[in-house]
Structure formats: C-alpha cells, structure tokens
Amino acid sequence: MRIGIGYDVHRLVEGRKLILGGIEIPYEKGLDGHSDADVLTHALMDALLGAIGQGDIGKWFPDKDPKYLNIDSLLLLDEVMQKVASAGYRIGNVDAVVIAQQPRLGPYFPAMKQKLAQHMGCGEDRINLKATTEEHLGFTGRGEGIAAEAVCLLEEI
Ligand code: MG
C-alpha cells in the first residue's frame, strides 16, 4: 500500500464559477486560478501523485502552460489516474476535507462523490468528503478563499 497527502488553496473572486469535486455549485463567487480552480480535485490529485512518488500537480500541469487555461480539473484527474495505474496501483480509499466558511457543501457531496468515483475508477464507498468552516477565523473564515486537504491510500493491483 502507498499513502499520500494533498493540500490546496484558491482565492474566491467575483465573476468565476465555483467548481468543487467536478460539480458547479451555485454561489455569488467562484475560485480564481489558471484551470477551473477546483481546489478539492487539486488536493486529491496531489495526494495521489504523492502516493506514487511523482511530485505534485505543479510539476505535471504547470500554470504557465496555456494548454491548461480554464481546463476541467477532472481531465487532469484522468491523467493522474493513468499514472497511478501505470505505477501498478488503484484506489484503496480517499478522504478529503473542504475548508470554507460558505456555501454549505453537504448537499453537493453525493454528486461530487459520484463524479470523482467515475474518474478515479472506484466505488463511491471508497471516497469520503467532509466540509468545515473555520469559525470566521483566517482567510477561509473571512470568505477570501477555500482550502482543501486530502489523503489517499493506494492498493497494489
Ligand atoms: Mg490548485
């Protein structure tokens, strides 16, 4: 088995869609970034790349590369999962937490899990998603950005 950890942050701004776990969530602001800025999927990808000892998403998908401008992060997740499979591993389980003061994310977790399970080639029972606020403290608490943390365990195929 192999274990990995991921962490990511994106700034909340007006005029962008809020995409988390591949799902568009209705909200007055969205996350800013070179790609679709799906902070949850980015943390998951970093955990997966960490588990196979292949660096991080900045190494494979540089944010200077126009190829990745506004790209759907699930397409990047597909590429990461190809690397996981090539290394001889599959998902054991993943666990992630999204740190956001707003909006409430619980209602969207079933759709996110379904989407992520499709792209990670595993059952939804192997994916756990959580959300927390930071009690109005810090940049997430002030609504300036959203952070996500993820861990994964991979099993040998
Ligand atoms: Mg990111």
Side-chain angles (χ1 to χ4, degrees), residues 2-84 87 89 91 93-106 108-109 111-122 127-134 137-154:
R2 308 272 299 207
I3 192 169
I5 183 173
Y7 176 73
D8 195 26
V9 172
H10 283 266
R11 189 183 296 271
L12 272 169
V13 294
E14 282 171 15
R16 291 267 302 183
K17 289 178 182 172
L18 177 58
I19 312 283
L20 290 171
I23 300 295
E24 186 178 338
I25 294 167
Y27 188 54
E28 62 198 43
K29 292 180 177 177
L31 293 173
D32 196 20
H34 185 69
S35 66
D36 65 1
D38 182 340
V39 69
L40 170 58
T41 302
H42 291 185
L44 282 168
M45 288 192 283
D46 267 352
L48 294 165
L49 288 169
I52 56 170
Q54 299 239 13
D56 59 24
I57 55 174
K59 171 180 167 181
W60 294 103
F61 314 114
D63 63 8
K64 301 281 181 285
D65 191 334
K67 190 164 64 171
Y68 302 119
L69 183 63
N70 293 321
I71 196 169
D72 179 347
S73 293
L74 293 175
L75 298 176
L76 306 181
L77 179 58
D78 291 341
E79 282 192 46
V80 168
M81 285 309 303
Q82 282 169 16
K83 293 182 194 305
V84 168
Y89 290 90
I91 301 293
N93 74 301
V94 301
D95 189 17
V97 54
V98 181
I99 302 150
Q101 193 64 41
Q102 281 187 316
R104 285 189 64 80
L105 299 175
Y108 303 99
F109 284 160
M112 289 184 207
K113 281 169 78 167
Q114 190 180 31
K115 188 75 88 169
L116 291 169
Q118 276 169 16
H119 287 266
M120 291 197 288
C122 67
I127 300 173
N128 191 68
L129 301 176
K130 307 187 286 284
T132 186
T133 73
E134 285 194 303
L137 297 168
F139 70 87
T140 60
R142 290 189 296 270
E144 294 167 6
I146 293 180
E149 295 178 2
V151 292
C152 71
L153 195 72
L154 301 181

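Keep in mind it's a predicted model, so treat the numbers as computed, not measured. For ligands, and for the atoms within them, numbers begin at 1 and follow the listed sequence. The residues of the chain are indexed from 1 along the displayed sequence.
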## Note on the structure
Given a cut-off of 2.8 Å, the protein N, O or S atoms lying below it from the Mg ion (ligand 1) are D8 OD2, H10 NE2, H42 ND1
### Any pair counted as salt bridge (Lys or Arg N to Asp or Glu O under 4.0 Å), so long as it reaches residues 93-102, sequence neighbours left out
D95-K130
### Message
Please determine whether the number of non-hydrogen atoms from other residues, nucleotides or ligands lying under 6.0 Å from atom NZ of K17 exceeds 12.
### Response
no
### Query
Is atom CZ of R11 surrounded by more than 12 heavy atoms (other residues, nucleotides or ligands) closer than 6.0 Å?
no
### Query
Are H42 and D8 close enough that a side-chain donor and a side-chain acceptor fall under 3.5 Å?
yes
### Task
Could I get the full list of ring pair (Phe, Tyr, Trp, His ring centres under 6.0 Å) partners for Y68, not counting sequence neighbours?
F61
### Query
With sequence neighbours excluded, what pairs up with H119 under the ring pair (Phe, Tyr, Trp, His ring centres under 6.0 Å) test?
none
